[in-house]
Each structure stands twice: as C-alpha cells, then as structure tokens.
There are 2 protein chains.
Amino acid sequence: MRMAEGVEWAVHGCLNLAWAGPEKAVPAARLAAYYDLPSAYMNKQLQALARAGLVYSTPGPGGGFRLARAPEDITLMDVVAAIEGREDAFRCKEIRERVPDAPASPGQGRCLVDQAMLRAESAWRKELAAQTLADLKRRVERSAPEVPAHVRRHLAA
Amino acid sequence: MRMAEGVEWAVHGCLNLAWAGPEKAVPAARLAAYYDLPSAYMNKQLQALARAGLVYSTPGPGGGFRLARAPEDITLMDVVAAIEGREDAFRCKEIRERVPDAPASPGQGRCLVDQAMLRAESAWRKELAAQTLADLKRRVERSAPEVPAHVRRHLAA
DNA sequence: GCGAACCTACTCGGATATGGGATGTCCGAGTTCTCGTGG
DNA sequence: CCACGAGAACTCGGACATCCCATATCCGAGTAGGTTCGC
C-alpha cells in the first residue's frame, strides 16, 4: 500500500499558501519552483485541491491559487481526500459469496473482515481529521520561526 | 491509495485454516477453490504468509499450509504486514530540503508533515493489531454458526 | 512374505508475462494587463 | 488628456505519453507415498 506522492506536495503547498495569505494568489509554477518540482505536475495536484473546494483558482496574469478557507477549517483529511479520493483503501470484493454451495444466509450484513478493516481506517481518518492546517502551521513556526518569512519572500518574488 | 487485493484473500484463508485446525495441512489449490480463485495466485499470498512466519508450509503429497500460531496470537496487523510489507503508506520524500537557499537549521528533526501522517498511520496499525484472528473467527461463528462445519467439509474433501 | 529401491503424483517456491493506475508532459481556452491609437 | 480597442503574455485546465507496481501465470525442485521387483 502506498500513498500518492502528490499528497506531500499538496500539504506543503497548502502550508505555503497559508503563509502567503488568502489575498495573494500564487501561481502553480512559483509553488513548484520553491521545492524544485515539475510545475505542470504540481499544477495537477492544485487542480485536485480546487475541485475539492480547498483552494480558489484564478486564471490569467496575476492569477494563481489561494486558500478557500481559513487554515483552522482545513484538515489533513481534507487534503488527503482531495488527492487520493474518498474511497477506502480496503475494498471488499465479497469473495465469501463465491463459495460453491453457500450455507444459506443471503442477507447476512456486511463482511466481517470488511468491517474490521473499516474500523481501522476510521481510526486513521479520525486522526487525520483531528489535525488542521493551522495546527501544523503553528508547529512549524515553533520549530523553525524563520520559515514563514522565507516562504513569503520566495512566493512574492 | 489502495490496499492489495491479496489481503482479503489472506485473511479469509487464515480464517479457513483456523477452522481446519492446526494439524490438517491444506493445499493452496483447495483454499483457492473454496472461493473460486486462481490457485497459483492464492499460493503466492500463502507464500508471503509463510515468509512472515504466520503459517507453516509442507511440500509433497499430503502437504499444504497450516497456521503456525494459535488464532489468539495472530493479529490482522500481522496478516496485512505479511502481504503489504511493513513500509509506511506515506513516504516523506523530504521535498522541504530542496528549497533554493534553505533557511539554515540543518538537523531540525523529522519533517512535521511526515510526523502528522505517521501519527495517523499509527492509529490505523494500533486498531489492526487490536483485532486477532480469534476475535474475527468468534464474530463470524456468532453471525453464521454453520460456516465452520461448511468450511471443514470443503477443505477436507 | 518381507524389504528395499524405484517411480509417480503432488505440493510449494520462485522466475516470468501482462495490465492498470500513478507519474510526468504538453498544448489549448480564457482572462487580464499593457500598449498604441484616435478623438 | 482621456477612452477605447487590439494584442500579447500569463495562468489554469484537461488531454496525452510513460513508467512502475500489482496482478496473474507457468514451470522446476523437492518430497511423500505407493508400487514393483528381488530375495
């Protein structure tokens, strides 16, 4: 199992957008340049965030992306869901229903294996939903206070 | 993000092995036939379980697979780790270290984004580790009491 | 009748094809700003 | 000097290649049990 690489890009991108402020629209190319990433692919990730309603996108000169909500109202779960989709990692194929002569009980609820897996995924989602962009932002600022100014400088240039 | 399909096969397979008992070795072909699955691929999953030490494998006539431990001592985490590997789903590529002129602080610990993601994955792992094969087995037996006998009948034939 | 050697059938194990999704790239649609021109 | 229109540059957005991993398959190594032959 492997999470898409774009998730890392998206989270860092959202953080940088948070530091840039909700007024300043930042082009995908500039966000990508900050980490020396291919701008077209970074653009793809930002498009996904836009479709999910996490960022606004404006075309044309002076355009770019900016956060659609306050960092307090964006959770890591939102970002992950925007990039990875909302489907569960474990997808029950109901192989139990393919037994030769099934032992009756047609409508016996959901597969118990599936339920166990979903319980675990719920714990994962809950933990992701408990972390907001603002939390993460605050932690980075405590750990490296010079980062916000550095980001703003590079994104404004 | 998507979990390997083999995980579902492996969990159901382990359950069936638990019902078959630790003495009776069941060939991969018979386990596969129970769910009408390609036997060669089921064999592959069982090999992974054997490498992880969850099942014993014996070749030759009368051979097959059997549980290496009591169902109480096998967690869903063990099965998932055996099939999917023990690597984290989120793999920090440390893109933050590729900024043009990094703002000093070389040894500033692990990436905070990575930490947040690992916290969520830990919750997922913890939940999986809390569920043993015995728990799952008991739940199935409560929900469909006729299943164990049905499985034993088909695996013995 | 008994023992041993051979032979067959069965099973796992790893090496080998194949397909789908993630990764990465490119070009077109639309918008905004700028510059030039005419009143 | 101001208004207007054409043009150019910039940006997103989606369509198009490419690559890698999960899926699926196949054949060989090894073992156990049965069988046959010799004593």
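By convention in this document, chain letters (A, B, ...) are assigned in the order of the sequence lines, proteins followed by strands, and residues within each chain are numbered from 1.
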Enter the inter-axis angle for the ends of the helix from C/dG1-D/dC39 to C/dG39-D/dC1 (five pairs per end, rounded to 10°).
0°
Within residues 37-47 of chain B, those residues having any heavy atom closer than 4.0 Å to DNA chain D are B/Pro38, B/Ala40, B/Tyr41, B/Lys44
5′-ward residue of the pair A/Glu84/B/Ala28 relative to DNA chain C
B/Ala28
Answer yes or no: are there more than 12 heavy-atom neighbours, outside A/Lys93 itself, under 6.0 Å from its atom NZ?
yes
Name the residue closer to the 5' end of DNA chain D, choosing between A/Met1 and A/Phe65 according to the nucleotide with the nearest heavy atom.
A/Phe65
Is a side-chain N or O of A/Ser143 found less than 3.5 angstrom from the main chain of A/Arg139, in a donor-acceptor match?
no
When you check the gap from the basic side-chain N to the acidic O, do A/Arg125 and A/Asp88 get nearer than 4.0 Å?
yes
Tell me, please, the opening and closing nucleotides of DNA chain D, 5' to 3', among those with an atom under 4.0 angstrom from a non-hydrogen atom of chain A.
D/dA9 to D/dC21
Heavy-atom side-chain proximity of A/His12 to B/Cys111 below 4.5 angstrom:
yes
Donor-acceptor check, side chain of B/Gln45 to backbone of B/Ile83, threshold 3.5 angstrom: yes or no?
no
Would you mind telling me which residue lines up with the more 5' stretch of DNA chain C, B/Arg51 or B/Arg2, judged by nearest nucleotide?
B/Arg51
Note, B/Val147 side chain near B/Leu15 side chain (heavy atom, < 4.5 Å)
no
Close N or O pairs between protein and nucleotides 30-35 of chain C (under 3.5 Å):
none

Contact check, side chains of A/Leu136 and A/Val11, non-hydrogen atoms, under 4.5 Å:
yes
Does anything in residues 56-81 of chain A pair up under salt bridge (charged side-chain N to carboxylate O under 4.0 Å, His left out), and if so which pairs, sequence neighbours excluded?
A/Arg69-A/Asp78
With a 4.0 Å limit, can you tell me whether B/Thr58 has a side-chain N or O closer than that to the phosphate oxygens OP1/OP2 of C/dT11?
no
Please determine if A/Glu121 and A/Arg119 form a salt bridge, counting it only when a charged side-chain N lies under 4.0 Å from a carboxylate O.
no
Flag side-chain contact, heavy atom, 4.5 Å: A/Phe90 against B/Val80:
no
Is there side-chain contact between B/Asn16 and B/Val26, with heavy atoms separated by less than 4.5 Å?
no
For the backbone of B/Ala81 and the side chain of B/Arg86, can you confirm whether one donor and one acceptor N or O come within less than 3.5 Å of each other?
no
Can you name the side-chain hydrogen bond (donor to acceptor under 3.5 Å, both in side chains) partners of B/Ser57, sequence neighbours left out?
none
